[in-house]
Amino acid sequence: MQFVTKKPLKTPRNTLKIAADFETVVVDNKHHVFAAGYKTIEEGSTPNTIYANSASLAIHGIEYESDRVIGVFMSALEKELADCPHNSAYVYFHNFNGFDSMFIIEWVGRNIPDRHKSVRFLDKNNKLYQLSINHGSIRFVDSLNIANSSLDKLGWDLLKQKKMEIDYAVVMGSPEACIKNKPIIVEYLIRDLELLAGIVGVIDATFRSMGLCITRNITASSLAYQLYTQEYYQNPWRVEKPRRAKYDFIEKAYYGGLVMMNKPTTKNARCYDVNSMYPSVMINNDMPLGVGKWVQNKSWSWIKKSNKLGFVDCTVIIKQPGLPYRRNVGSGLITPVGEVRGVYTTEELKFHETRGAIITRVFAALLYPYRGVIFKEFIERLHAMRCDAKTKGNDAMSLCVKLLMNGAYGKFGTRNEFSLKKYIRDATDDKIDRYEALFSRTVQFNKTTGLLCVHYNREELENSLHKIRKAATELGNNDDEVGDILSGTTGVYTNISKGAQIAAFTTSYARIALLRGIDEGIKHNNASGNDCEVIYTDTDSIIINGVMPNNMLSNTELGYYKEEADISEAIFLGPKTYMLRLRGEGCTLDSTCKGCKRVFKGIPR
């Protein structure tokens, strides 16, 4: 049995940190790199740029020149590392996973013959977190994983600098336009490099002041987990690392935030946000501790009387929307009324009973013997640090503390898996089907990066070693590659997560808190004679055609509501897809002025 343990303080790594960017041109519906650049984050360093040669472009074409530019860029990075005292470099792209990685991976696939030995991928859920080449000496990472916001917004918030504005269609609409406007493109690239280098430098220095290292922990959630287990977690709390059977059960109750659209249009409404929703529910709520025990053939009333926290597989008759339901694995969440079967936390079921829900049958339960508040000191300290930073105008500290507060619970829910990875070009459906047949499971193919992944946890890797080796050989991999993948996996590794029960309870408490706020808001307005209803909710915000009571409002207190917008008109097309017209801005919903807020998830701008 394994539990989360208190971690020792680690000395921040002294590594070379580089900001990098590509500027591309689209030819035949495919992006090609026209210019590349990098800048070390050391103060006083100058940007280095590489761009396509007009003569070579005319002779060889854009695909050849794109490959050449990336090659020169990679060689320049190697030289930069060789000329400095560090033995490794972290190269930051903003949106590496979603865009820039595909150029690096394609170049690696064409130009590094022994890539199965020298190239490593760190990915999860079809998202690439890190790409290492030259046996780990150069590591490409995504700055979005630390600060998930646009470069323009981060630049303004931290440096009071903005991106340079250009007309992409005119400046980079074709290879010929790029050659003509090369000085503008280089200037635009340099501005982005200076912004990103400045942002990474400020964030790195701020986290270092807290004893954290952005090269040891490359995401905000892992930085928060490191700080928590390093300074605040106590071993006697005994947070269990669940094994596969428990994790699979808990995962069914690990839902996200509530997103409910109750009306397609509205007028005269207000939008309220909850201040730091997840930290606010972590600070005082009990979390399940100790070793979870399976419970069979017990009624819901027996589970309630036990007063234990846990997870219950049951059927529920829902009277009011708000209890999440997922039809099957991978499908989106809905909040229906009627009878459904699902796995839920004990506290969420108790809350929905107060809203009229009836638990009709219990199939199984996983209950924990102890409970306790384990984040109070952690959240209170960070909140105090953020308030102090805001008072002093320290925007960098305020942002970094906010990232730690909001990311603290997420690392507990991550799943430990290993992947058999292969870079393939021009993948066809037949080729992907062949992979799935060989591995007897669904594979993930990222069309952006050309990277195909087959996920295994360590136990599966060991138990299926012979089959995996045979399959990999048939796919053109050799034993060395399989050996590299399996290295360090001796012993059966069955702890699937760091504490998924903590993450699941955190999100459960957040849904409860949001629904409590909704119920209080409706009750307050109805008592005042206002016919009030909630139009839309999304995780930590509500749009209501009424006002929230004053005793629930604060701009700073955790868990309180603050008014974000006074809305004169709104249109909702679906979850996370809407347009708001803000009062007093003198605009219409089809305008492009600042008075309109548009959110269209999954729809390209």
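Note: hydrogens, waters and symmetry copies are ignored here, and every other heavy atom, side chains too, is used.
- With values rounded to the nearest 0.5 angstrom, C400 atom SG is found 9.5 Å from D204 atom CG.
- Taking all atoms of both residues into account, the shortest heavy-atom contact from T335 to P324 is CG2-CA, 4.3 Å.
- Residues passing the side chain to side chain contact (heavy atoms under 4.5 Å, CB included) test with S541 are D273, D538, sequence neighbours excluded.
- Residues in residues 396-409 take part in these side chain to side chain donor-acceptor pair (under 3.5 Å) pairs, two or more places apart or across chains: R386-S398.
- Pairs of residues two or more places apart, or lying in two chains, never qualify as ring-ring contact (aromatic ring centres under 6.0 Å, His included) while including a residue from residues 538-570.
- Atom NZ of K162 is surrounded by more than 12 heavy atoms from other residues, nucleotides or ligands within 6.0 Å.
- Pairs passing the ring-ring contact (aromatic ring centres under 6.0 Å, His included) check and including a residue from residues 295-328, sequence neighbours excluded, read F311-F505.
- Within the structure, side chain to side chain donor-acceptor pair (under 3.5 Å) contacts touching residues 337-349 (residues at least two apart or in different chains) are D313-R341, E339-T360, T345-S508, E347-K350, E348-S508, E348-R511.
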- Query: So K498 and V239, side-chain contact (heavy atoms from CB on, under 4.5 Å) or not? Walk me through it.
  - Reply: CA-CA 8 Å; K498 297 181 182 297; V239 172; over 6 Å; no
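- Contact check on K246 versus E240 returns a salt bridge, with a Lys/Arg side-chain nitrogen under 4.0 Å from an Asp/Glu carboxylate oxygen.
- For N284, the side chain to side chain contact (heavy atoms under 4.5 Å, CB included) partners at least two apart in sequence or on another chain are K376.
- Screening residues 345-404 for ring-ring contact (aromatic ring centres under 6.0 Å, His included), with sequence neighbours left out, gives Y228-F375, Y228-F378, Y232-F378, F375-F412.
- Separation of atoms CG (D157) and OG (S149) is listed at 6.5 Å; rounding is to 0.5 Å.
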Less than 3.5 Å apart, which donor and acceptor atoms pair up between the side chains of residues 255-266 and the rest of the protein, not counting sequence neighbours?
residue, atom, partner, partner atom, Å
Y255, OH, K252, O, 3.0
Y255, OH, V343, O, 3.1
N262, ND2, V534, O, 2.8
K263, NZ, E533, OE2, 3.3

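- Screening residues 518-531 for side chain to side chain donor-acceptor pair (under 3.5 Å), with sequence neighbours left out, gives R355-D519.
- The shortest heavy-atom contact between A513 and M277 is CB-SD, 4.1 Å.
- Looking at N275, its side chain never comes within 3.5 Å of a backbone N or O of K562 through a donor-acceptor pair.
- Sorted by first then second residue, the salt bridge (Lys or Arg N to Asp or Glu O under 4.0 Å) pairs that include residues 296-306, not counting sequence neighbours, are K304-E353.
- Closest approach of M552 and G517 over heavy atoms only: CE-CA, 3.7 Å.
- Qualifying side chain to side chain contact (heavy atoms under 4.5 Å, CB included) partners for A365, counting only residues two or more places apart in sequence or in other chains: V295, I303, V312, L367.
- For Q161, there are no side chain to side chain donor-acceptor pair (under 3.5 Å) partners, not counting sequence neighbours.
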